[in-house]
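What follows is a set of notes on a single structure, which appears directly below.
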Amino acid sequence: MTPLYARRRTALAAATAVVAGALLTTGLATGTATAGSAPAGTPALGGAPVLLSAAARTSLIQEQQATAADTADAIGLGAQEKLIVKDVVRDVDGTVHTRYERTYAGLPVLGGDLVVHQPAGGARTVTKAVRTAVAVPSVTPKVGAAKAEAQALAAAGKAGVERTEAGSAPRKVIWAAEGTPVLAYETVVGGLQEDGTPNELHVVTDATTGEKLHEWQAVHTGTGRSLYSGTVTLGTYKSGSTYQLYDTARGGHKTYNLARSTSGTGTLFTDADDTWGTGTASSSSSDQTAAVDAAYGAQITWDFYKNAFGRNGIRNDGRAAYSRVHYGSNYVNAFWQDSCFCMTYGDGTGNVNPLTSLDVAGHEMSHGVTANTAGLRYSGESGGLNEATSDIFGTGAEFYAANSADAGDYLIGEKIDINGDGSPLRYMDKPSKDGASRDYWSSNLGSVDVHYSSGPANHFFFLLSEGSGARTVNGVSYNSPTYDGSTVTGIGRAKALQIWYKALTTYFTSTTNYKAARTGTLSAASALYGSGSAEYKAVDAAWKAVNVS
């Protein structure tokens, strides 16, 4: 679960990210499910993803799963290792990118994910989360599950979690995300974090020594009269004589009212005349205005992903997540949660500043996209890249909306006034302006809270889109510096978004760090525009400008 912003300035744990490696081999049949087209309004770039129908995507996944054993053998995995297809992307030029999870002796391998890239009639390449061969001496633990659970509960208590409870019994896994692979337990601790955010703390314990190996948080803290976006058109559904805030045109997205509760799904918003909200904030737990903003944000973000990238919903399967508003009382945050496949929004200080602005909605939904593609682990450098990805696509959705009431900008959360002085949460042109984010990469970046270690990637995206130095976009003034004093010329936001999306969906893995992100975005730029293109050179220059080279 990922909250929109940090509640404390120290990361729970620092992950040692491993650079993704590539392995050249031959063979692997290309799937035959080709139904779909390039995203509407975009050029037919050879490396751009095809918009697959739900049926075509399902068929392609089934084809790749049917040949998974042969693929595992062809790329050199061991006899006890198996591949499970997580996602498949087909490009305009026929290249198929298949993302796999891995098991060893039937146990999930954390850090074992990989992507197989198969050009039509060409040689396969493989991007792995880790290069290390996966093998352990035994899958019989020497430490009992009860000890692992006790350790996880203690870690959660130390992190400030209230009402700690193990969500389920610890499960045996192979921990391969850093160092030598070992047999381990993964324990998920529930309860509430110190600010009221639901808790899903994952703690990994060595099953041989009892040593805690790693921990990360899985809760990601991203006609109606809206509070932030003016009067908007909403997708609703009439049931009998009553209208529901239920968008059947976009995968069935629904907006629910938690009415100050912190659990459950809530009650679906309904209305007698299909005119929702008042356009002003209310402290009432039944207020529709926050629901209008949440539903509008989900609607715009769905359309943005579909029309910009050919993505059919968060999972790319045509099914929507859902939204919950009025979470808790005076709750100053918003979060995405994989376990409920939903976005949740608090009402802010005094219950009159709901965190439902357009870029926040896009931010939270994008955590879901990341979870269902690269799965960037929410700690260390990969966690910072996870947060930056949500900022980047939340920004993209805001520009896509072209709504004069909330014009696109490179500021994060500028409408919700969390700081109480009108300032945004984050700045992409110079992240350090928020007082905590980093402008540039450094060797200790992985120990910084993920909301602040996102800074160099956000800065990279601004430089790639707009370039360095002073400029004004949609009436907002920016002045973006560079680490080495260089001048960077931007390639435009549309191209920068295409490059980041392709890198996320086809080249990033769960352990991608900043160095690997540079490699992945260069690979994406090469696939889309060519290795000698101005776009490729701009990606290289923008990474150097944030000290990643």
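Owing to the predicted nature of the structure, the values given are computational and were not obtained by experimental measurement.
- Ring geometry, Tyr331 versus Tyr327: the interplanar angle exceeds 60°, so the pair is classed perpendicular (tilted spans 30 to 60°).
- With hydrogens and angles disregarded, no donor-acceptor distance shorter than 3.5 Å links the side chain of Asp359 to the backbone of Gly394.
- Using modelled atom types and a 3.5 Å distance limit, the side chains of His253 and Ser323 yield a donor-acceptor pair.
- The two atoms that bring Pro119 and Ala123 nearest to each other are CD-O, 3.2 Å, heavy atoms only.
- Counting only distance, with no hydrogens or angles, the side chain of Gln337 and the backbone of Phe341 share no donor-acceptor pair below 3.5 Å.
- Closest of all the heavy-atom pairs between Arg518 and Val548 is CD-O, 3.6 Å.
- The side-chain heavy atoms of Ile412 and Asp434, taken from C-beta on, include no pair separated by under 4.5 Å.
- Remark: side-chain polar atoms of Ser454 are not paired, donor with acceptor, to backbone N or O of Ala388 under 3.5 angstrom.
- His117 and Thr127 are linked by a side-chain donor-acceptor pair at a separation below 3.5 angstrom, with hydrogens and angles left out of the test.
- The closest side-chain donor-acceptor pair between Thr370 and Asn386, if any, does not fall under 3.5 angstrom.
- Distance OG1/Thr125 to NE2/His97: 8.5 Å, rounded to 0.5 Å.
- The distance between the ring centers of Phe309 and Trp500 does not fall below 6.0 angstrom.
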* Asked: Can Thr187 and Gln151 be said to form a side-chain contact (heavy atoms from CB on, under 4.5 Å), step by step?
  -> CA-CA 9 Å; Thr187 308; Gln151 183 189 77; over 6 Å; no
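- Proximity of a side-chain donor or acceptor of His459 to a complementary backbone N or O of Asp439 within less than 3.5 Å is detected.
- No salt bridge links Asp317 with Arg57; every basic N to acidic carboxylate O contact stays at or beyond 4.0 Å.
- Using a distance-only test at 3.5 Å, with no hydrogens or angles considered, no donor-acceptor pair links the side chain of Ser526 to the main chain of Leu522.
- Looking only at side-chain heavy atoms (C-beta outward), Tyr507 and Val115 stay at 4.5 Å or farther from each other.
- Taking OG1 of Thr395 as the reference point, atom CG of Leu497 lies at 8.5 Å (rounded to 0.5 Å).
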* To do: Decide side chain to side chain donor-acceptor pair (under 3.5 Å) for Glu387 and His367; before the verdict, give the C-alpha distance in whole Å, the side-chain angles of both, and the deciding distance to 0.1 Å.
  => CA-CA 8 Å; Glu387 270 298 310; His367 277 306; 3.0 Å; yes
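- Proximity of a side-chain donor or acceptor of Asn257 to a complementary backbone N or O of Gly266 within less than 3.5 Å is not detected.
- Between the NZ atom in Lys142 and the CG atom in Asp206 there is a gap of 10.0 Å [rounded to 0.5 Å].
- Between Asp113 and Lys86, no side-chain nitrogen of the basic residue sits less than 4.0 Å from a carboxylate oxygen of the acidic one, so the salt-bridge criterion is not met.
- The shortest distance between side-chain heavy atoms of Thr509 and Leu114 does not fall below 4.5 Å.
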* Asked: Going through the distances and angles, do Thr208 and Val182 end up as a side-chain contact (heavy atoms from CB on, under 4.5 Å)?
  -> CA-CA 8 Å; Thr208 299; Val182 297; over 6 Å; no
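- Between the CE atom of Met343 and the CG atom of Leu355 there is a distance of 14.0 Å, given to the nearest 0.5 Å.
- Between Gln64 and Val96 there is a side-chain heavy-atom pair separated by less than 4.5 Å.
- In this structure a side-chain-to-backbone donor-acceptor pair under 3.5 Å is present from Lys502 to Gly47.
- Taken from NZ in Lys128 to CD1 in Ile75, the straight-line distance is 5.5 Å, to the nearest 0.5 Å.
- In the displayed structure, Lys172 atom NZ is contacted under 6.0 Å by more than 12 heavy atoms of other residues, nucleotides or ligands.
- Phe508 has its side chain out of reach of Leu385: every pair of non-hydrogen atoms, C-beta onward, lies at least 4.5 Å apart.
- Across all their heavy atoms, Leu445 and Arg438 have their closest contact at CD1-CG, 3.7 Å.
- Pairing each heavy atom of Ala321 with each of Ile314, the nearest pair is CB-CD1, 3.9 Å.
- Taking the six-membered ring where the residue is Trp, Trp543 and Phe460 present parallel rings, their angle staying beneath 30° rather than reaching 60°.
- With rounding to the nearest 0.5 Å, the separation of CG in Leu201 from CD in Glu215 is 5.0 Å.
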* Could you go step by step and tell me if Thr98 and Leu83 meet the side-chain contact (heavy atoms from CB on, under 4.5 Å) rule? -> CA-CA 11 Å; Thr98 306; Leu83 294 175; over 6 Å; no
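- Looking at Arg250, its side chain never comes within 3.5 Å of a backbone N or O of Asp303 through a donor-acceptor pair.
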* Verify side-chain contact (heavy atoms from CB on, under 4.5 Å) between Tyr185 and Lys147, making sure each step is shown before the conclusion. => CA-CA 10 Å; Tyr185 289 107; Lys147 182 174 181 179; over 6 Å; no
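- Among all heavy-atom pairs drawn from Ala334 and Tyr345, the shortest one is CB-CD2, 3.8 Å.
- Of the N and O atoms on the side chains of Tyr305 and Ser366, at least one donor lies less than 3.5 Å from an acceptor on the other residue.
- By the 4.5 Å heavy-atom criterion applied to side chains, Phe393 and Met365 are not counted as neighbours.
- Nearest heavy atom pair, residue Val369 against residue Leu504, reads CG1-CD2, 4.2 Å.
- Arg311 forms no cation-pi arrangement with Tyr501, by the criterion of a distance under 6.0 Å to the ring centre and an angle within 45° of the ring axis.
- Residue-environment remark: CZ (Arg260) exceeds the threshold of 12 foreign heavy atoms within 6.0 Å.
- Contact check for Arg324 versus Cys342: side-chain heavy atoms found under the 4.5 Å cut-off.
- Using a 4.5 Å heavy-atom threshold, the side chains of Arg102 and Tyr100 count as separate.
- Under the 3.5 Å distance criterion, the side-chain polar atoms of Thr521 are matched with a main-chain donor or acceptor of Ala517.
- Judged by distance alone, the side chain of Ser53 and the main-chain N or O of Ala56 form a donor-acceptor pair under 3.5 Å.
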